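Working notes, beginning with the structure itself.
On a predicted model such as this, the values are computed, not experimentally measured, just so you know.
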Amino acid sequence: MKICHYDNNQAGVIVADKVHNIGDALIKGGLARQGYTMLEIIDALANNPAAMQIARDASSGAGGVDLSSVKLLAPITNPGSLWAAAANYYAHRAEMVDRMGSANKEIKNKDDLMAEFFLKTTSSIIGPGDTIILPKISKLVDFECELCAVIGKRARKVTEDQALSYVFGYTICWDISQRDPWGKGMHNTRNIRKGFDTFSALGPWIVTRDEIDEPQNLSIKVLQNGKEVMTAHTSDMICGLREHIRFLTSCLTLRPGDLITTGTPAGVSKLNDGDHLKGTIEKIGAMELRVKAET
């Protein structure tokens, strides 16, 4: 299923070109409260079979509204945490050496690389069709387009063999990144450089795990002003999602609604006032964003 968040904070399922409201049905069934959040909806769908059945029933009948008539929102705006993998594609590591003079550090073992996970601010989340605001202080801001996993079940000390069973679904995360200032020759600046308002775009919806049998077998493509600037494949990750979940849960507890975004491939590009971005991840869908300079 494609689970979406739309209009006045409603939860829906997208079938073909229609959006079916499932929030009202879950409220009626006593499985969601008035004023629910999408985190609560994800938790219910992931952990209560009755909730998932209600969602299936609500989305299988006639009716629904045209997808083109609704305003899609970020599929979750209040995750408990948004964990972001750093430098997880060899080609991106190499391009950052060229772009920023970064040190191309040897990866002695994967856990050392995964220890560079950082947290993105949830206040920076925007949704499909929204606008990235380029801060006045910034001379160089890049986009990064990434596969993002949505955790469905509480997870601690999970093996790689078990890892995907804890995933509720997948979405796209745009990790917008300030490179200058504070991006060169300084340590521990990622949370600020990647945490400005509008610097985490999620969407266009969540595709449930059963729709994607292998997260390491998906193509990624980005168009900037209609020109292809990124084409990549998730098989090129240094550390795959199973390893991410194993590593993170060896250190901490992941909870329903937590997000893991898996790092950007090569092809990041400077953003400018007036830019238009369109990113597509195979089996998930496409998401567009606008770019505007701060005034």
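Inter-residue side-chain proximity for Glu243 and Lys110 is flagged as met; some heavy-atom pair is nearer than 4.5 Å. Annotation: side chain of Phe168 is not in contact with side chain of Asn47 (no heavy-atom distance under 4.5 Å). Side-chain contact between Trp83 and Leu259 is absent, with no heavy-atom pair separated by less than 4.5 Å. Counting heavy atoms from C-beta outward, Ile76 and Ile42 have side chains that approach closer than 4.5 Å. Using a 4.5 Å heavy-atom cutoff, the side chains of Met230 and Thr264 are in contact. For the pair Leu147 and Tyr170, the minimum side-chain heavy-atom distance is below 4.5 Å. Within the 4.5 Å cutoff, no side-chain heavy atoms of Ile238 are placed close to those of Tyr89. Side-chain contact check for Cys148 versus Ile260: every heavy-atom pair is 4.5 Å or farther apart.
Remark: the backbone N or O of Val141 is not paired with any side-chain donor or acceptor of Arg179 at under 3.5 angstrom. A donor-acceptor contact shorter than 3.5 Å links the side chain of Thr121 to the backbone of Gly195. Between the Thr171 side chain and the Trp205 main chain, a donor and an acceptor come within less than 3.5 Å of each other. A distance-only check finds no donor-acceptor pair linking the side chain of Arg156 to the backbone of Val158 [under 3.5 Å]. Ser138 places no side-chain N or O within donor-acceptor distance of the main-chain N or O of Leu134, the cut-off being under 3.5 Å. Asp7 places a side-chain N or O within 3.5 Å of a backbone atom of Lys71 that can act as its donor or acceptor partner. Using a distance-only test at 3.5 Å, with no hydrogens or angles considered, a donor-acceptor pair links the side chain of Gln162 to the main chain of Thr159. A donor-acceptor pair is defined here as one N or O able to donate and one able to accept, closer than 3.5 Å; no such pair exists between the side chain of Asn217 and the backbone of Thr234. Not one N or O on the side chain of Asp66 forms a donor-acceptor pair closer than 3.5 Å with the backbone of Ser68. Judged by distance alone, the side chain of His5 and the main-chain N or O of Ala74 form a donor-acceptor pair under 3.5 Å.
What you find for Ala51 and Leu26 is that their closest heavy atoms are O-CD2, 3.6 Å. For the residue pair Pro79 and Gly257, the shortest heavy atom distance occurs at CB-O, 3.3 Å. Listed here is the closest heavy atom pair of Ile54 and Gly29: CD1-CA, 4.2 Å. Nearest approach of Ala86 to Glu116, heavy atoms of both residues: CB-O, 3.6 Å.
For residues 284-295, the side chain to side chain donor-acceptor pair (under 3.5 Å) pairs, not counting sequence neighbours, are Thr131-Arg290, His276-Glu288.
Judged by distance alone, the side chains of Gln216 and Ser235 never bring a donor and an acceptor atom under 3.5 Å apart. Between the side chains of Ser200 and Lys120, at least one donor N or O sits under 3.5 Å from an acceptor N or O. There is a side-chain donor-acceptor pair under 3.5 Å between Ser81 and Asp258. When only modelled atom types and interatomic distance are considered, Glu146 and Thr262 share no side-chain donor-acceptor pair under 3.5 Å. Side-chain contact check for Thr208 and Asp210: at least one donor-acceptor pair (N or O, by modelled atom type) lies under 3.5 Å. Counting only N and O atoms by type, the side chains of Arg193 and Thr189 include a donor and acceptor under 3.5 Å apart. Using modelled atom types, one finds a donor on one side chain and an acceptor on the other under 3.5 Å when comparing Glu144 with Ser177.
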Pair Leu82, Leu119 - check side chain to side chain contact (heavy atoms under 4.5 Å, CB included), show working. CA-CA 6 Å; Leu82 199 177; Leu119 287 162; 5.7 Å; no
Walk me through whether Leu72 and Leu67 qualify under side chain to side chain contact (heavy atoms under 4.5 Å, CB included). CA-CA 9 Å; Leu72 290 176; Leu67 177 58; 4.2 Å; yes
Run the side chain to side chain contact (heavy atoms under 4.5 Å, CB included) test on Asn272 and Asp275 for me, step by step, so that the C-alpha distance in whole Å, both residues' side-chain angles and the decisive distance to 0.1 Å come before the verdict. CA-CA 6 Å; Asn272 297 288; Asp275 277 355; 3.9 Å; yes
Check the pair Gln224, Leu271 against side chain to side chain contact (heavy atoms under 4.5 Å, CB included), reporting the backbone distance first and the verdict last. CA-CA 9 Å; Gln224 185 176 15; Leu271 294 174; 3.9 Å; yes
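Ring geometry for Phe247 against Phe117 counts as parallel: the plane angle stays under 30°, on a 0 to 90° scale with 60° as the upper cut.
Within a 6.0 Å sphere centred on NZ of Lys221, other residues, nucleotides and ligands contribute 12 heavy atoms or fewer.
A salt bridge does not link Arg246 with Asp161: every distance from a Lys NZ or Arg NE/NH1/NH2 to an Asp or Glu carboxylate oxygen is 4.0 Å or more.
Residue Ile133 is not grouped with residue Phe199 when hydrophobic side chains (ILVMFWY) are merged at heavy-atom distances under 4.5 angstrom, including chains of intermediate members. Hydrophobic clustering of Ile, Leu, Val, Met, Phe, Trp and Tyr side chains at less than 4.5 Å, counting indirect connections, keeps Ile22 apart from Val207.
In this structure, the separation between NZ on Lys184 and CG on Asp180 is 9.0 Å, given to the nearest 0.5 Å.
Screening Arg242, Arg209, Lys283 for a salt bridge (Lys or Arg N to Asp or Glu O under 4.0 Å) involving Glu214 leaves a single residue, Arg242.
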